[in-house]
Amino acid sequence: MSDQKNLFIAIAISLVVLLGFQYFYEMPRMERQRAEQAAQALKDAPKAGETQAPQAPGSAAPAPAAAVPKTREEVLSGAERIRIATPKVRGSIALTGGRLDDLVLTEYRETVDPKSPEIVLLAPAGAEHAYYAEFGWTAAPSETAKLPDGATVWKADGTELTATKPIVLSWNNGEGLTFTRTIAIDANYMFTVTQKVENASGKKVTLFPYALVQRQGTPKTEGLYILHEGPLGVFRDKADSSGTLKEYSYKDVVSDKSIEFPSIGGWIGITDKYWLTALVPVDTANVKARFSHVLRDGDRYQVDLLGSAVEVEQGQSGENVQRLFAGAKVVNLIDTYAEQYKIARFDRAIDWGWFYFLTRPVFFCIDFFFHVFGNFGLAILTLTIIIKFLFLPLAYKSYVSMSQMKELQPEMMKLRERYGDDRQKLNEEMMALYRRSKVNPASGCLPILLQIPVFFSLYKVIFTTIEMRHAPFYGWIHDLSAPDPTSWINLFGLLPFAVPHLGPLDIVNIGVWPLIMGVTMWAQMKLNPTPPDPVQAKIFSFMPIIFTFMLGKFAAGLVIYWSWNNLLSVAQQWFIMRRVAHRKKTATS
């Protein structure tokens with residue numbers, strides 16, 4: 001029993017230390033880091049300059065040309081553009097440079113307010129926080145042919161790019177080479193860019209196709225270790241390989257400057273919590289993928305692909321196809337693209353975490369019940385009922401074991417008195433007592449341990465999937481992925497003043513649902529058999545208070561799950577208690 005007590009004490013202390021470290025040290029540190037990043041972004045506002053195109057072997061990068069930064073609207077109004085208009089996105093393509101540098105996601109807004117601004121994903125060079133994609137050709141050092149670049153003015157065959165009508169850009173270098181760039185977009189977020197060069201120069205030319213995404217300035221991130229934001233990609237060393245996922249933080253890329261991977265197909269991009277911009281070559285294409293960073297009028301992060309050499313004889317033409325995903329990481333859509341274009345492990349663009357095998361099924365269960373009930377909150381409650389039903393046999397065994405342990409307490413005390421000075425003998429006699437009584441002292445912990453992965457998987461689903469973003473429940477919960485907005489300080493909104501939030505150290509603004517969770521947890525523990533060890537019992541008595549404050553600022557969907565889980569546990573415990581009491585009565589009669 002002493003070893004069991006020490007085990008519980010060690011678990012409790014470890015839990016408090018880990019959660020306390022995260023809450024009181026890591027979260028404030030990350031908050032300071034985000035503030036420093038924001039200050040640095042204002043200080044080093046990025047200016048316009050030439051893109052660092054992937055270079056063919058032996059060639060040199062172009063020199064930058066800095067300019068005074070402008071607003072996004074000023075840059076967009078300063079050049080002739082082709083309009084982009086589809087059911088999911090709107091934006092434009094500048095004829096100067098031919099970049100995809102203006103994209104707005106029309107189905108998503110910055111806040112739950114339907115009048116808040118739409119999500120801006122891409123922004124042109126020369127504007128603050130420029131973020132764009134570029135496609136083109138680069139040449140070996142021996143080639144002297146003039147190639148299109150960021151200053152090239154293209155001609156277009158139309159004025160608008162739609163989901164049913166591609167746009168064709170063309171440019172003649174005046175030396176016999178004619179370049180065309182056909183840009184198409186589907187009804188969602190996938191662009192297909194087909195580059196073609198026709199050779200009438202009188203000699204063979206060798207060119208290398210490239211594609212890149214550049215982001216200027218370090219973006220604000222969630223700063224949590226459970227979520228990856230930044231450069232990532234999947235690379236394959238063989239055509240039949242599933243590929244290897246590589247994830248790098250912005251800090252990693254700054255430190256390494258340039259990280260390269262050869263790949264057959266695969267993909268490379270930059271991800272935010274909910275949004276992704278990724279380059280996708282043809283699944284059989286041999287490419288050189290690269291993550292890079294340069295300090296040029298501020299931080300510039302780039303992911304790019306350099307394709308194999310395309311040799312174009314006189315009178316012939318060469319072609320290359322690349323794709324660009326630029327949009328929201330909708331789970332079913334990502335999976336559809338992965339299958340449609342054979343994109344290796346494209347589903348890993350969504351950070352499912354270590355429990356991938358569990359997190360995805362949890363999501364699909366919630367998504368299924370959402371389509372049944374039309375509310376993600378009700379879907380979570382339904383999933384909780386199923387989980388409790390699956391764990392009912394374990395919960396029953398746990399309760400029986402805890403009851404038996406309590407009944408063994410007098411005999412255990414006698415053993416301590418008899419073998420108190422001989423710990424080895426005491427442990428042997430304790431184990432013999434457990435075997436005779438057919439009691440497993442660890443079975444009481446088993447249901448809790450098995451539910452931890454489920455809890456963490458649900459946390460990942462609520463926190464990372466865009467389907468849960470701004471998903472309402474009922475009453476005052478307008479976003480299940482955000483904390484409960486109410487506070488006891490103003491009596492949950494009854495008093496006419498707003499309560500300021502104190503950031504990561506805010507342990508006083510506890511809302512309605514966290515308090516419900518604390519009360520239901522207390523009620524559940526009251527129904528459990530009192531642990532025979534007084535130290536263990538005291539630790540358990542403080543758990544509802546600790547969890548109320550520790551989980552008070554978690555996503556409301558997770559707190560609602562925990563509260564509902566506690567209520568179901570109370571009903572479950574009542575049922576088990578009645579069943580155990582009935583069996584004992586039957587056995588004694």
Side-chain angles (χ1 to χ4, degrees), residues 29-54 61-76 78-79 91-92 94 97 99-105 108 110 117-134 150 211-224 227-233 247-259 268-279 290-304 324 326-327:
R29 182 184 66 81
M30 292 171 181
E31 187 68 21
R32 290 194 300 271
Q33 186 179 42
R34 285 196 292 266
E36 290 171 0
Q37 290 175 351
Q40 185 66 28
L42 292 175
K43 180 180 178 182
D44 298 323
K47 285 85 175 176
E50 291 299 322
T51 299
Q52 184 184 355
V68 178
K70 300 178 181 179
T71 66
R72 181 173 178 274
E73 290 71 22
E74 288 175 333
V75 176
L76 292 177
S92 61
R99 292 170 177 161
L100 290 167
D101 60 359
D102 172 31
L103 201 66
V104 176
L105 310 183
Y108 300 96
E110 293 182 1
E118 297 168 326
I119 293 296
V120 176
L121 184 61
L122 301 182
E128 292 185 352
H129 312 300
Y131 190 15
Y132 56 83
E134 179 178 299
L212 63 84
V213 172
Q214 185 176 115
R215 188 169 207 167
Q216 299 178 3
T218 304
K220 181 180 178 182
T221 64
E222 293 285 344
L224 298 176
L227 175 69
H228 174 72
E229 295 178 89
L232 80 170
E247 297 176 330
Y248 295 93
S249 67
Y250 291 105
K251 185 178 180 180
D252 291 335
V253 181
V254 171
S255 175
D256 294 336
K257 301 301 182 185
S258 182
I259 309 167
I268 188 171
I270 300 176
T271 185
D272 297 310
K273 182 177 180 179
Y274 297 117
W275 330 113
L276 172 69
T277 305
L279 301 169
R290 182 179 65 167
F291 305 98
S292 63
H293 166 269
V294 294
L295 189 62
R296 183 182 301 164
D297 300 317
D299 292 304
R300 296 190 180 193
Y301 304 92
Q302 184 168 299
V303 297
D304 53 58
L324 170 73

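Quantities reported herein were computed from a predicted structural model and do not represent experimental measurements. Throughout, numbering of the chain's residues begins at 1 and tracks the sequence.
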(request) Mind checking the CG-CG spacing from Asp102 to Leu76? Nearest 0.5 Å is all I need. (result) 4.5 Å
(request) Could you label the plane-to-plane angle of the Tyr301 and His293 rings as parallel, tilted or perpendicular, counting under 30° as parallel and over 60° as perpendicular? (result) tilted
(message) For His228 versus Ser249, what's the shortest heavy-atom pair and its separation?
(response) CE1-N, 4.1 Å
(message) Between Asp252 and Ser255, do the side chains contain a donor N or O and an acceptor N or O under 3.5 Å apart?
(response) no
(message) Return the CZ to CD distance between Phe291 and Glu247, rounded to the nearest 0.5 Å.
(response) 9.5 Å
(request) Measure the shortest side-chain to side-chain distance between Pro219 and His129 over non-hydrogen atoms and say whether it is less than 4.5 angstrom. (result) no
(request) Measure the NZ-CD distance between Lys70 and Glu128 for me, rounded to the nearest 0.5 Å. (result) 13.0 Å
(message) Are Tyr274 and Tyr108 packed together at the side-chain level, in the sense that at least one heavy-atom pair is separated by less than 4.5 angstrom?
(response) no
(request) Measure the spacing between CG of Asp256 and NZ of Lys251 and express it to the nearest 0.5 Å. (result) 12.0 Å
(request) Taking the side chain as every heavy atom from C-beta outward, state whether Glu134 and Gln214 have any atom pair closer than 4.5 Å. (result) no
(request) Nearest 0.5 Å please: distance from the OG1 atom of Thr221 over to the CG atom of Leu227. (result) 8.5 Å
(request) State, to 0.1 Å, how close Leu121 and Ala326 come at their nearest heavy-atom pair, and which atoms those are. (result) CD2-C, 3.6 Å
(message) Do Ile119 and Glu110 make a side-chain contact, defined as non-hydrogen atoms from C-beta onward lying under 4.5 Å apart?
(response) yes
(request) Measure the shortest side-chain to side-chain distance between Thr277 and Val303 over non-hydrogen atoms and say whether it is less than 4.5 angstrom. (result) no
(message) Looking at every heavy atom in both Val75 and Pro124, which two are closest together, and how far apart are they?
(response) CG1-CG, 3.4 Å
(message) Has Gln216 got a side-chain atom pairing as donor or acceptor with Ala125's backbone, closer than 3.5 angstrom?
(response) no
(message) Looking at every non-hydrogen atom in both residues, tell me the closest pair between Ala127 and Arg72 and how far apart they are.
(response) CB-CA, 3.7 Å
(request) Evaluate the side-chain proximity of Leu279 to Leu324: yes if any heavy-atom separation is below 4.5 Å, no if none is. (result) yes
(message) I need the Thr218 OG1 to Tyr250 OH distance, nearest 0.5 Å.
(response) 8.0 Å
(message) Using side-chain heavy atoms (C-beta onward) and a distance below 4.5 Å, is Asp101 in contact with Leu122?
(response) no
(message) Counting C-beta onward and ignoring hydrogens, is there a side-chain heavy-atom pair between Leu103 and Tyr132 closer than 4.5 Å?
(response) no
